[in-house]
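Chain identifiers are assigned alphabetically (A, B, ...) following the order of the sequence lines, protein sequences preceding nucleic acid strands; residue numbering begins at 1 within each chain.
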Amino acid sequence: MPKTILVVDDSVTMVMSLKTSLQIAGFTVETAHDGQQAMDKLKSGVKPDLIITDINMPRMGGIDFIRNARALPGMRFTPILALTTESQQAKRDEAKKLGATGWLLKPVSGADLVKVIKQVLPGA
Amino acid sequence: MTVLTEQRRKLAEASLQQARTLRRNMAVSTVLGSLLLSLLVYHAHAWTERLSQWLGISEAAILAIMVAIVLLGTNFLAGLVFFRTNYRNAGSLSRTLEALDDELAKAETQLEASRDSMHATVDMDQAFQDCLRQNLRDSETSTLGIIERTGRLNEAAGKLLDYLHHSSANAATMAVDIQQGVEDMNRIASFVRELPDKIRQDAEVIHHILREVKQLEGLAASIKEISQQTNLLALNAAIEAARAGDSGRGFAVVATEVRALANRASAAADTIESGLNQALGAVEGSLANSNLGDSRHHLENATQVVDAVQALQHSYEDMRQFYKTLFSVVTRHNTELAEQIADMLGLMQYQDVEGQRLSRMTDTLAERCRLYAGVEQSPTGFAHLPEALRQLLTHYLENESRHSHPDHQNQTTTADAGPRIELF
């Protein structure tokens with residue numbers, strides 16, 4: 001059974017790039033273009049094994065999304081990776097405090113991304 | 001209309017007004033003087049004569065002095081009016097000039113502010129140029145990376161294609177071998193189909209031989225019995241011979257019996273020989289009925305079958321090795337292709353990084369346009385624009401420094417931020 005990954009990013013290029021990379025690596029991919037849309041998907045029953053989210057997004061940013069997602073039932077231990085251009089240490093610390101699993105600065109090569117996913121998602 | 005133009009217009013109007021007032025006063029004083037002089041000349045001709053006599057000077061002198069006094073008075077009055085008018089106009093002109101000076105000072109301040117604004121704009125544009133150059137470099141690098149990986153993809157695909165062509169040739173050779181194997185297998189099948197009949201015939205021959213051998217079993221028993229009796233008779237003969245001594249008649253009886261037994265044994269031996277001959281004849285007959293030839297043929301067939309099976313086994317081994325190698329090569333190439341594609345897709349992320357950088361730049365440009373537009377409505381004009389532009393630039397640079405900058409040479413860390421990949 002392939003693992004499901006939810007990709008959240010307002011950039012269409014990023015979403016398509018990540019989706020294709022992850023599908024080649026054998027994952028099933030769900031996508032959302034901001035935190036609000038991702039929350040709607042999670043509430044509608046989508047149960048990802050891993051979430052990759054941008055930080056700076058319209059409507060609901062990545063920090064708020066991590067906070068809200070962690071409050072949902074069954075999402076307490078789901079790995080959440082932040083993939084962003086944001087290099088401010090304060091934001092990184094805040095994400096860590098809210099329960100993010102890791103912080104990746106764009107761009108990340110496909111090999112590195114899959115390597116990190118396999119580290120945080122045993123059996124992937 | 002600008003403030004300076006307005007002041008200049010006021011100054012020109014004040015000067016014109018002054019000239020007009022002067023002209024009017026001059027005209028009025030001239031008319032009044034002429035009128036007054038005419039009245040004096042008209043009404044004073046009686047007492048000018050008396051005054052001339054009283055003063056002892058000529059009447060013409062009196063008249064001249066009177067005209068001079070009137071002109072002097074008239075000029076004094078005209079001068080007084082002119083002075084007052086001129087004084088008032090000069091005050092207005094002075095105020096206008098002071099206002100003009102103020103406006104000029106303000107204009108100079110605005111000019112200085114606009115000059116500072118231009119410097120701030122130049123600094124900002126320099127930062128934008130740096131950003132655009134960075135974008136250009138990143139785009140160029142990522143594009144070159146994509147081109148390089150596309151080349152590798154093409155190379156890997158070409159190698160795979162060559163290998164597949166080579167494999168196709170090998171597969172054709174193997175197909176010939178396999179076809180040969182199939183023909184051998186058909187021969188085997190034909191042999192196997194005929195084999196039960198051959199086995200049945202062989203079994204019948206063997207059964208016949210068995211029946212003959214069973215008959216020999218009864219003969220053997222008879223020979224055994226005869227032998228026992230012969231032995232017993234021989235023992236009796238020996239006893240009788242010992243007892244009789246010189247009596248030879250008993251021996252004649254025993255000899256007769258022994259002879260009869262010998263005859264029976266000879267007959268039995270003949271019967272056994274005949275049975276054995278029949279059995280041998282049956283086997284020989286079976287072999288003579290081309291069974292031996294068939295067996296040779298079967299042996300040859302069996303040898304060919306073994307060879308065919310071995311050939312098939314070799315073909316199978318070749319085919320297994322061929323597909324194992326093919327699978328390995330295709331897997332390796334596919335893995336390489338997948339890695340190249342993943343790297344290419346990773347390079348696509350630069351578009352997002354550059355897009356965000358350009359977005360921050362366009363936001364700053366929009367804010368700068370808003371500041372420029374605000375100058376027109378602001379009572380202070382350009383005065384606060386340089387500081388606002390400097391603050392905007394500082395904010396832009398700080399915001400820019402808070403975002404990652406792709407380092408194509410070093411993907412592990414950024415100069416001013418944490419590690420590029422950090423697991424908490």
Taking 4.0 angstrom as the limit, do [X] and [Y] come out as a salt bridge?
{"X": "B:R115", "Y": "B:E112", "answer": "yes"}
{"X": "B:R357", "Y": "B:D138", "answer": "yes"}
{"X": "B:R133", "Y": "B:D130", "answer": "yes"}
{"X": "A:D64", "Y": "A:R67", "answer": "yes"}

With chain B, which of A:Q119, A:M16, A:E86 has the greatest number of heavy-atom pairs at distances under 4.5 Å?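 Among the listed options, the one with the most contacts to chain B is A:E86.
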
Under 4.5 Å heavy-atom distance to chain B, tell me which part of [X] shows up: side chain, backbone, both or neither.
{"X": "A:L113", "value": "neither"}
{"X": "A:T101", "value": "backbone"}
{"X": "A:A82", "value": "neither"}
{"X": "A:D54", "value": "side chain"}
{"X": "A:V120", "value": "side chain"}
{"X": "A:L81", "value": "side chain"}

For B:E339, is it the side chain, the backbone, both or neither that has a heavy atom under 4.5 Å from a heavy atom of chain A?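 For B:E339, neither part sits under 4.5 Å from chain A.
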
With heavy-atom distances below 4.5 Å as the criterion, would you say the side chains of A:L72 and A:N68 are in contact?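 A:L72 does not reach A:N68 side chain to side chain.
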
With the side chain counted from C-beta on, respond yes when A:V116 and B:L423 share a heavy-atom pair under 4.5 Å apart, and no when they do not.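 Yes. Closest side-chain heavy atoms under 4.5 Å.
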
